[in-house]
Amino acid sequence: MRPVQLRPARAGDTDAVAAIWMSGWRDGHLGHVPDALVAIRTDESFRTRATERVADATVAEVAGEVAGFVMVVGDEVEQVYVAAAHRGSGVAALLLGAAERQVAEGGHPLTWLAVVPGNARARRFYERHGWIDDGPFDYAIGHPEVAHVRCHRYIKQL
């Protein structure tokens, strides 16, 4: 594995974060979420969200390029995405570890995240890293709410 640097995202990272987010979201969600949600997840929506949320992100940098990112909100690991070229390289595990530390540093003894049932690759990844499937739930997605997405809540004691 090439050296990976984890650091807070900067304004200059927004294009890379948006591209990784869009590509990864489509890989894991298309065919598994309501059409109403797919309709609002445009290229522009990912750019806007990346710009608005850059301060919330931790990025993994490999050879000077953003290879992936995580975003944490309270006790939730809200976003975990890795560029396709870096999947399977260990970047995702490093980012997930960073997210877990952020949640713990926020004073939370338990963390959680949501995964759509059809995203088998993500589910296997989280299970390999000690996360437990706590069962299905409806996750409200969108601002304003657009859809309730059936997900599995994964949890981990910190």
Exercise for the section: With sequence neighbours excluded, tell me which residues meet salt bridge (Lys or Arg N to Asp or Glu O under 4.0 Å) with E52. Expected result: none
Problem - Close side-chain approach of V54 to T51, heavy-atom, < 4.5 Å - result: no
Handout entry: From R128 atom CZ to L96 atom CG, the distance as rounded to the nearest 0.5 Å
Key = 11.0 Å
Handout entry: Residue pair F137 / H152, side-chain heavy-atom distance below 4.5 Å
Key = no
Handout entry: CZ-CG distance between R150 and D138, expressed to the nearest 0.5 angstrom
Key = 5.0 Å
Practice task
Give a yes or no on whether the backbone of H129 and the side-chain of K156 come within a donor-acceptor separation of less than 3.5 Å.
Solution key: yes
Practice task
State, to 0.1 Å, how close D13 and P8 come at their nearest heavy-atom pair, and which atoms those are.
Solution key: OD2-O, 4.4 Å
Completion exercise
Across all chains, not counting sequence neighbours, the salt bridge (Lys or Arg N to Asp or Glu O under 4.0 Å) partners of R87 are D27
Exercise for the section: With the side chain counted from C-beta on, respond yes when S45 and M22 share a heavy-atom pair under 4.5 Å apart, and no when they do not. Expected result: no
Problem - Close side-chain approach of V33 to V38, heavy-atom, < 4.5 Å - result: yes
Practice task
For the pair V116 and C151, evaluate side chain to side chain contact (heavy atoms under 4.5 Å, CB included) and give the outcome as yes or no after the intermediate values.
Solution key: CA-CA 4 Å; V116 294; C151 291; 4.0 Å; yes
Without placing hydrogens or testing angles, list every side-chain donor-acceptor pair under 3.5 Å for residues 68-77, not counting sequence neighbours.
unit_1 : atom_1 : unit_2 : atom_2 : d
D75    : OD1    : W112   : NE1    : 3.1
E76    : OE1    : Y139   : OH     : 3.3
E76    : OE2    : Y139   : OH     : 2.5

Handout entry: Distance-minimising heavy-atom pair for F125 and A93
Key = CZ-N, 3.8 Å
Exercise for the section: Answer yes when E44 and R47 have at least one side-chain N-carboxylate O distance shorter than 4.0 Å, and no when they do not. Expected result: yes
Problem - Validation row: L158, V103 side chains within 4.5 angstrom (heavy atoms) - result: yes
Problem - Those residues that, when tested against N119, pass side-chain hydrogen bond (donor to acceptor under 3.5 Å, both in side chains) (two or more places apart) - result: none
Practice task
Please lay out, stage by stage, how L95 and V82 fare under the test side chain to side chain contact (heavy atoms under 4.5 Å, CB included).
Solution key: CA-CA 9 Å; L95 285 166; V82 174; 4.1 Å; yes
Exercise for the section: Please examine the side chains of Y126 and L113, heavy atoms only from C-beta on, and report whether any two atoms are closer than 4.5 Å. Expected result: yes
Practice task
State which residues pass side-chain hydrogen bond (donor to acceptor under 3.5 Å, both in side chains) with R26; sequence neighbours excluded, sorted by chain then number.
Solution key: D43
Exercise for the section: Could you go through the side chain to side chain contact (heavy atoms under 4.5 Å, CB included) check for E105 and E100 one step at a time? Expected result: CA-CA 9 Å; E105 289 167 3; E100 292 170 4; over 6 Å; no
Practice task
Starting at CD1 of I155, measure out to CG of D134 and round the result to the nearest 0.5 Å.
Solution key: 4.0 Å
Exercise for the section: Please collect all side-chain hydrogen bond (donor to acceptor under 3.5 Å, both in side chains) contacts where either partner lies in residues 56-73, sequence neighbours excluded, each pair once. Expected result: R7-E61, R53-D56, T58-Q102
Practice task
Hey, could you give me the CD/CH2 distance between Q157 and W131, rounded to the nearest 0.5 Å?
Solution key: 11.0 Å
Problem - Nearest-0.5 Å distance, OH of residue Y81 to CD1 of residue I20 - result: 12.0 Å
Handout entry: Heavy-atom side-chain contact between H86 and V62 under 4.5 Å
Key = yes
Exercise for the section: Over 60° means perpendicular and under 30° means parallel, so classify the ring planes of H29 and W25, tilted if in between. Expected result: parallel
